[in-house]
Trainee: 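Sharing a structure below in structure tokens format, with a few things to ask.
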Amino acid sequence: MSHHSSPSRRAARHGGKGHGSKGQDNKGQGNKGQGNKGQGGKGRRGGRRGSVRRVPLRTHWLLLGTMAVTLTLALLIEGYTQHMFGSTPDGAGLVQGPSGQVPASVADGGPVISPQGGAGGAARTARPRPGTIALTFDDGPDPTWTPQILAVLRKHHVHATFFEIGENVAEHPDLARQVLAAGDEIGVHTFTHPNLGLIPAWQRTLQLREAQLAVAGATGETTTLLRPPYSAGNDSVDDADWAAIQQAGREGYLTVLTTQDTEDWKRPGVAGIIRNGTVAGTTPGVRVDPKRLPPGQVLLMHDAGGDRSQSVAALDALLTQYQAEGLTVGTVSATTGLAAPMTRASATDHWLGLSLIWVLRLSHWLLTAIGWFMIAAGVLSVLRAVVSVVAARRHKRWTQYAWGDPVTEPATVIVPAYNESAGIEAAVRSLVAQDHPVEILVVDDGSTDGTADLAESLGLPGVRVIRKENGGKPSALNTGIAEASFDLLVMVDGDTVFEPDTVRHLVQPFADPRVGAVSGNAKVVNRGGLLGRWQHIEYVVGFNLDRRLFDLAECMPTVPGAVGAFRRGALERVGGVSEETLAEDTDLTMALCRDGWRVVYEEDAVAWTEAPASLGALWRQRYRWCYGTMQAMWKHRGAVVQRGAAGKLGRRGLGYLLLFQVLLPLLAPVVDIFALYGLVFLDPWHVLGLWFAFLLLQLLMGGYAFRLDGERLGPLWSLPLQQFVYRQLMYLVVIQSAVTAVAGARLRWQRMERYGSLQVPTAPASPVAGSAHAAPGARLTNIPIPAPMPAEPPLAEAWLAEAAGADRSAFAYERPNYPYTQYDYRDQVRHPDS
């Protein structure tokens, strides 16, 4: 290959890589074949790691659990107070049941009821004196209408009784204080406006106690007056209502019913409210005869629960009318001669009430903040989906243009290996079978399972095994770089198998001298079971959407350890592979971007790799990847304020990772808890509709990514199930990683399990002539491209079939074909002007 080739039509392509799976999350970035890194192994830099704590963290899970419980309780409180019962107007919810147990003295008595206040504990009732009207208002306080009602009362120099809902008092305690300061009195209307006759006894007690505490916290006083929601006159009391009234009496309350309902909750118009409020036996505007005063009345109006403008206007007219008729208007206690119902609250009740008010306020603020977060997260998710699909479509169109003249320069493939005996043979055989000239270096990093012996025993051409003491994956890679014969370097994990043309596709972007690294396309081979399918979906979406977006935005954060190529000169300029983070591939890629090199994505460079087959193994892998990525982001944070290529990485790449791979996952538990809250307290169909909408968005994105990658859509059926296990596991990984990073603990290298899923045909193809560019003494392979056979599946599908246990022995790899030297890469290139 020449570094001075003519400018390519693809010169506008830019580097990029996803971040969330092996293709998205730095495949191999945690020393995927390198166990025990940092555990006394040689090759470490200085003694930095030895001075850092490695104590496993446990307290953060307690903290997370506490926060989740607190959030849940806050939402339960908010849901209970705001959505459990509501505040339907009393008359609208009136339902009459059997009333055989209601004493006649109550059914035919006055509206003020003391269930056990008579002789021998019998019920006693009272009503306002003749010619008087006990003016009452329900459902407040309300910040709009209560002050207007109070202003009308002050205008006419009268007082009233306000039966207030506890949750409204807690939300507007200043209004409750204004009511008392104006000389009016307060009664309780329960805490959330339930029908007391239809709820259990314990809940009645809770409703009354919470309402009383809200009044005590807001005003410093308590009250003995109660008006049950959905009550009316004495003749409407049924057996269930009577049981609730009796219980309230035992708890110290006088129940106040009504004798005259203005029905202002129906909004019949000002004239209609005045008509309903006119006292029977009186003539509007005509003064009553003092010797023939009409019976006393308890008048019902509302100062909350909707638009009360008609109530305000009608009240002014009614008070004018009452005063003209000579009727006396006052509070319940004043018109009935009761002792003052408002008394000073105990210090305990006052402070408990204040605590209740603040808990409710905090719950409301929290719910408001969560609501805005949900909106922001939804908008960002949709925007991300749109931008990713548009970018992927544009990137796909660009792949039809070549980078320049075909790159035929040989490459060195470096395979760092630590205890990779389960998959090293398949990996090496797939490398020997490449249709591009390669030198293969298996760097055994102190394996204890015979990996090096197995690799040597294969006797494959062009394969050299380098043995070294255990020092970690970066050390093994740096050893391979130093021993490499060529300037183009390919790095591959020991559990990964290449397609025959992977290296050829991987090195083509180096026709552009500005390209310093190339990311390939990693695929999951062990796709069986839900866990395998979920990871398969994640890889395909990550590589074909996120990575293409990074490519166009010139902010590639990672070239995966499973399949990546580098220019030796670029590596030398950044000091090789660093061991300062657990994500050595992310760290290296960010360093290359900051050094001004372009890092690009080559979709046709396909590699097959094993994914974790258990939740425990997946947790360890992703924990290491995520933590290492955070380390790399922190290490390269200076790119945010830099210019040029470094600034693009900092402001675009790091910003994207911080937002979508750290912050949103950290807040993901809130989304789940809020979803449950919505199902219980909000409209469940609305919540389910939103969930299905976002699921549809994910399915559409997944379908497009699968189409771009030539994958079958079948595994996408498992995507809905992914939301209930896999998603939670991923955000818990981010939480664990974030806490580990903040605590300053050092995560150890952890060896991944190997399953031996990847296989290649048993007989390797014969090598052909070496490259003229080979260094003296280098051993190369140059394997012909197998002829395409329509009746036979491609090699990748053969590997998948073998992994599944199918017998595909009839499809032998060894088939003659023309040598690579006669193959022109441009034959597959379709130029725009052709």
Side-chain angles (χ1 to χ4, degrees), residues 17-30 32-33 422-423 493-497 519-547 558 560-563 583 585 603 606-626 628-629 660-661 665 668 695 698-699 701-706 708-734 736-737 750-758 796-797 799-800 803-804:
K17 164 177 181 226
H19 217 78
S21 71
K22 203 165 220 177
Q24 260 179 297
D25 281 322
N26 321 326
K27 162 72 177 68
Q29 73 185 23
K32 195 165 171 146
D493 287 335
D495 67 337
T496 303
V497 168
S519 165
N521 184 2
K523 293 177 175 289
V524 175
V525 66
N526 51 331
R527 305 175 182 183
L530 280 177
L531 192 59
R533 288 189 181 92
W534 290 339
Q535 293 178 85
H536 169 48
I537 294 172
E538 187 179 20
Y539 277 40
V540 172
V541 173
F543 273 101
N544 289 278
L545 294 185
D546 289 346
R547 193 172 299 272
T558 304
V563 52
D585 47 6
E603 60 181 294
V606 176
W608 296 85
T609 188
E610 285 186 326
S614 66
L615 289 176
L618 179 64
W619 172 273
R620 291 190 294 272
Q621 181 197 65
R622 297 309 174 86
Y623 180 25
R624 187 181 68 248
W625 289 1
C626 185
T629 299
F660 292 107
Q661 303 298 333
L695 180 60
Q698 290 182 312
L699 285 171
M701 290 177 62
Y704 186 65
F706 271 57
L708 288 176
D709 211 24
E711 291 282 353
R712 297 198 270 291
L713 300 180
L716 289 176
W717 70 263
S718 65
L719 189 59
L721 300 177
Q722 192 183 50
Q723 309 304 308
F724 299 104
V725 177
Y726 195 80
R727 177 175 170 273
Q728 285 73 22
L729 182 69
M730 293 300 102
Y731 69 57
L732 289 176
V733 164
V734 176
Q736 171 88 337
S737 302
Q750 302 175 30
R751 167 167 162 71
M752 298 303 299
E753 299 177 19
R754 299 290 181 252
Y755 313 104
S757 302
L758 289 166
E797 293 189 15
W799 291 335
L800 285 172

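Atoms considered below: every heavy atom in the structure, side chains included; atoms not considered: hydrogens, waters and symmetry mates.
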Trainee: Would you mind reporting whether Thr609 and Asp495 have side-chain heavy atoms less than 4.5 Å apart?
Mentor: yes

Trainee: Nearest 0.5 Å please: distance from the OG atom of Ser614 over to the CZ atom of Arg620.
Mentor: 6.0 Å

Trainee: Enter the distance from Glu538:CD to Met730:CE here, rounded to the nearest 0.5 Å.
Mentor: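 Nearest 0.5 Å value for the CD-CE distance: 6.0 Å.
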
Trainee: Taking Asp585 for its side chain and Pro560 for its backbone only, find out whether a donor-acceptor pair lies under 3.5 Å.
Mentor: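 No, the answer is negative, given that no donor and acceptor are paired below the 3.5 Å cut-off.
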
Trainee: Got a sec, which residues hit side chain to side chain donor-acceptor pair (under 3.5 Å) with Tyr731, two or more places apart in sequence or on another chain?
Mentor: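 For Tyr731, the residues satisfying side chain to side chain donor-acceptor pair (under 3.5 Å) (neighbours in sequence not counted) are Asp672.
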
Trainee: Starting at CD of Gln722, measure out to CG of Leu695 and round the result to the nearest 0.5 Å.
Mentor: 10.0 Å

Trainee: CZ of Arg622 to OG1 of Thr629: how many Å apart, nearest 0.5 Å?
Mentor: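 If I round to the nearest 0.5 Å, the distance is 10.5 Å.
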
Trainee: Taking side-chain contact (heavy atoms from CB on, under 4.5 Å) as the test, write out the residues that go with Leu530, two or more places apart.
Mentor: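 Testing Leu530 for side-chain contact (heavy atoms from CB on, under 4.5 Å), a comparison that skips the adjacent residues, returns Trp534, Trp717, Ser718, Leu721.
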
Trainee: Any sub-3.5 Å donor-acceptor pair from Asn544's side-chain atoms to Val540's backbone N or O?
Mentor: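 Yes.
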
Trainee: Looking at every heavy atom in both Tyr726 and Leu618, which two are closest together, and how far apart are they?
Mentor: CE1-CD2, 3.5 Å

Trainee: Are side-chain heavy atoms of Ile537 and Leu719 found at a separation under 4.5 Å?
Mentor: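 Side-chain contact under 4.5 Å: yes.
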
Trainee: Working to the nearest 0.5 Å, report the span between CZ of Phe706 and CG of Leu716.
Mentor: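 Here the interatomic distance stands at 4.5 Å.
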
Trainee: Applying side chain to side chain donor-acceptor pair (under 3.5 Å), name anything that partners Gln698, two or more places apart in sequence or on another chain.
Mentor: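 Checked Gln698 against side chain to side chain donor-acceptor pair (under 3.5 Å); matches are Gln723.
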
